[in-house]
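Chain letters run A, B, ... following the sequence lines, proteins first, then strands; residues in each count from 1.
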Amino acid sequence: MSPVRVRFAPSPTGFFHIGSARTALFNWLYARHTGGTFILRIEDTDQARNREEYLRLIYDSLTWLGLDWDEGPNPDGAGERGHFGPYRQSQRSALYTGYKHRLLETGRAYEKDGAVWFRLLGERYRVFDDHRQKEVEKVKGAPVVINDLIRGRVERREDEDFVIFRSDGNPVFHFVNVVDDITMQVSHVIRGEDHLSNTSKHVLLYEGFGVTPPAFAHIPLILKSPEMGQGKMSKRDRGALIEEYQQRRFLPEALVNYLSQLGWNPGDDREKMPLADIIRLFDLPGVNQSNARFDARKLAHLNMTYLLEQPAEKFAALARAYFTTQPNGAAALADAAYFQKVLALAQPKIKSIDELGAYTGYFFTDEFATDPKVREKVMAKGDPQARLAELIAALPALDFSSDIAVEAGLKALAESHGLGFGDYQAVARLAVSGTNAGPSLTALFRVLGQDRVLARLQRLQAQA
RNA sequence: GUCCCCAUCGUCUAGCCCGGUCAGGACACCACCCUUUCACGGUGAGAACCGGGGUUCGAAUCCCCGUGGGGACGCCA
């Protein structure tokens, strides 16, 4: 059997979105599963829309996801690797011209209106096209049969000659795609189902060149989640761009894990699984045929489970990188030991790194916001002023050496007034953090320290 | 409009190929437990075979027709 060679062939005409990422992932997984080669090819034949920054984004996104390519431009953009290059279509024009002449010479292509057209074989007739509202020439030829690895046998009839070189002299997608796959010896074309109806053109082109087509595998599309509306996910949809997850500092392994299971599954109940297992179990016949809707909540949940199991040092590194980019991040990073203690409280509670700012804000500044609703509720119940006064009176003598000590001290305080711990909790929490959610009160006290806690209790007392 | 693909809980899906298990898991939602808050975790509940015809002793599973969803119909990729 010939070696597996697959490619991901994005065009740098826009942001890198979730659907592209999954197509790249499935190609990459298949290459790694089979011990084959993963090629990155840049389809930059649309000169009007290509942008250098989008190219950079492709490299960065793939690298961030951990989808390394064996052949293609180097990730830093300088030079390339592999023996089938160049890997940017804009640099392959001589090759395309050669292949164009082959078709011209055999009569499978002809010039018209300054463009070059691929000639279909069969009986010709003219008919009015409803969709385009004009009369066109059609060809009645044999249907093209595609034996798709995921869809099975698909039959489609191509009935019109189509342009392979524009009148501006540039080749079009269908043509370069096929020529590149031939010359790069691509064995399996794994791409979105939106290309299924293009495939008949491609197969015809292969036949025109006298080349056996590669195997095709058309994967299902990613649709918008129900609350986002109908149709396939587009670049404009919230959560559709890889960049967003990168900025929100999702763990790439969580995103890869989630994406791998959108249209594929290991055949059992496992969902969270190490990449090595995904690679081992992934195969084309296991890919689903129906489109999948993107579920941001499930992704967030998966990210949380990954976050939970990160070693403290790794979590700290992620947190540092995050705070470095935050407006008030310097304050958080000022005291490394204190920072570490705060992170220990936050790690088991957040779903993604970007929640860190909101979750830990009051640890790093005294000017934190107080939730007005929480405040109203807390101050309306029981006798918060009395509890505050008791807390303030007891605080100088409170032992802050450990959670246990803080807890014992607070319990003793409560008992001395014939009350329970719970009678102090809400108001104390409001005073030190401005909210009603967060780490345990004892941890909150201990990490914040005696001075901060006292000052914040007094401040609330004065305000109320 | 024409062509192509698809169809199991709200969502991702197992089961389908090789008909016969209370149609299983996960996310979300709800309840309870754990918890001195909020989460996490645990337990439990509700929740699906799109409809109609066949084939068969028996259909989520095989076939056909509807319906619904998606995609493609560019000198874009």
Side-chain angles (χ1 to χ4, degrees), chain A residues 9-14 43-46 48-50 89 112-117 127-133 143 146 148 150-152 154-160 162-174 176-177 192-201 218 220-221 223 225-227 230-232 258 261-272 285 288-302 304-305 308 346-351 359 374 378 407 410-411 414 420-426 428-430 433 435-442 444:
Chain A
S11 54
T13 55
E43 306 217 332
D44 52 355
T45 53
D46 184 352
R49 293 198 299 152
N50 286 327
Q89 289 180 335
K112 189 181 87 179
D113 302 330
V116 180
W117 298 68
V127 70
F128 187 82
D129 184 306
D130 290 336
H131 185 71
R132 282 174 293 179
Q133 290 292 301
I146 302 150
D148 193 279
I150 293 167
R151 321 247 146 213
V154 177
E155 202 177 290
R156 212 182 106 90
R157 195 183 298 270
E158 207 58 54
D159 63 0
E160 268 183 71
F162 55 90
V163 171
I164 54 176
F165 265 75
R166 291 189 276 263
S167 49
D168 66 4
N170 287 307
V172 305
F173 162 73
H174 304 297
V176 293
N177 195 270
E193 199 225 59
D194 48 344
H195 285 291
L196 187 54
S197 38
N198 290 328
T199 307
S200 42
K201 283 191 180 73
H218 287 93
L221 266 22
L223 269 29
S225 58
E227 54 270 28
Q230 296 276 296
K232 71 170 172 176
Y258 176 73
Q261 307 218 337
L262 223 46
W264 174 83
N265 67 80
D268 57 30
D269 286 343
R270 287 198 297 164
E271 296 197 328
K272 179 167 185 289
N288 291 129
Q289 305 182 338
S290 48
N291 296 338
R293 287 180 186 279
F294 185 79
D295 186 353
R297 277 188 294 259
K298 192 156 185 172
L299 168 59
H301 178 265
L302 196 58
M304 181 199 70
T305 66
L308 224 38
Q347 184 172 2
K349 304 275 195 167
I350 59 171
K351 285 199 166 182
Y359 193 80
V374 173
V378 171
E407 187 176 332
L410 291 174
K411 274 193 169 146
F421 194 122
D423 294 304
Y424 293 88
Q425 167 149 233
R429 184 179 291 284
L430 176 70
S433 71
T435 179
N436 61 350
S440 74
L441 187 64
T442 52
L444 218 39

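- For the residue pair E193(A) / N291(A), no side-chain donor-acceptor distance below 3.5 Å is found, with atom types taken as modelled.
- Contacts of P439(A) with the nucleic acid, taken as non-hydrogen atoms under 4.0 Å apart, include base atoms.
- Residue K232(A) has a polar side-chain atom (N or O) positioned under 4.0 Å from OP1 or OP2 of rA72(B).
- Nucleotides rA77(B) and rC40(B) have their C1' atoms positioned 45 Å apart, rounded to a whole Å.
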Produce the list of close N/O pairs, under 3.5 Å, pairing protein atoms with atoms of nucleotides 66-69 of chain B; give distances to one decimal.
unit_1: rG69(B); atom_1: O3'; unit_2: Q230(A); atom_2: OE1; d: 3.4

Reading nucleotides 23-30 of chain B 5' to 3', which nucleotides get B (base under 4.0 Å from a protein heavy atom), which S (sugar-phosphate only), which -? -BBBBS--
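- When the side chain to side chain donor-acceptor pair (under 3.5 Å) test is applied to R270(A), the partners found at least two apart in sequence or on another chain are D277(A).
- Closest to the side chain of W117(A), out of rA14(B), rC5(B), rC75(B), is rC75(B).
- Residue contacts shown for S440(A) include a base, since a base heavy atom lies under 4.0 Å away.
- For the side chain to side chain donor-acceptor pair (under 3.5 Å) test, residues two or more places apart in sequence or in another chain that qualify with T442(A) are S440(A).
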Any protein N or O atoms within reach of nucleotides 42-49 of chain B? Criterion: under 3.5 Å, listing atom names and distances.
none

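- When heavy atoms are screened at a 4.0 angstrom cut-off, D423(A) is found touching no nucleic acid atom at all.
- Legend: residues meeting side chain to side chain donor-acceptor pair (under 3.5 Å) with E271(A), ordered by chain and number and at least two apart, are K298(A).
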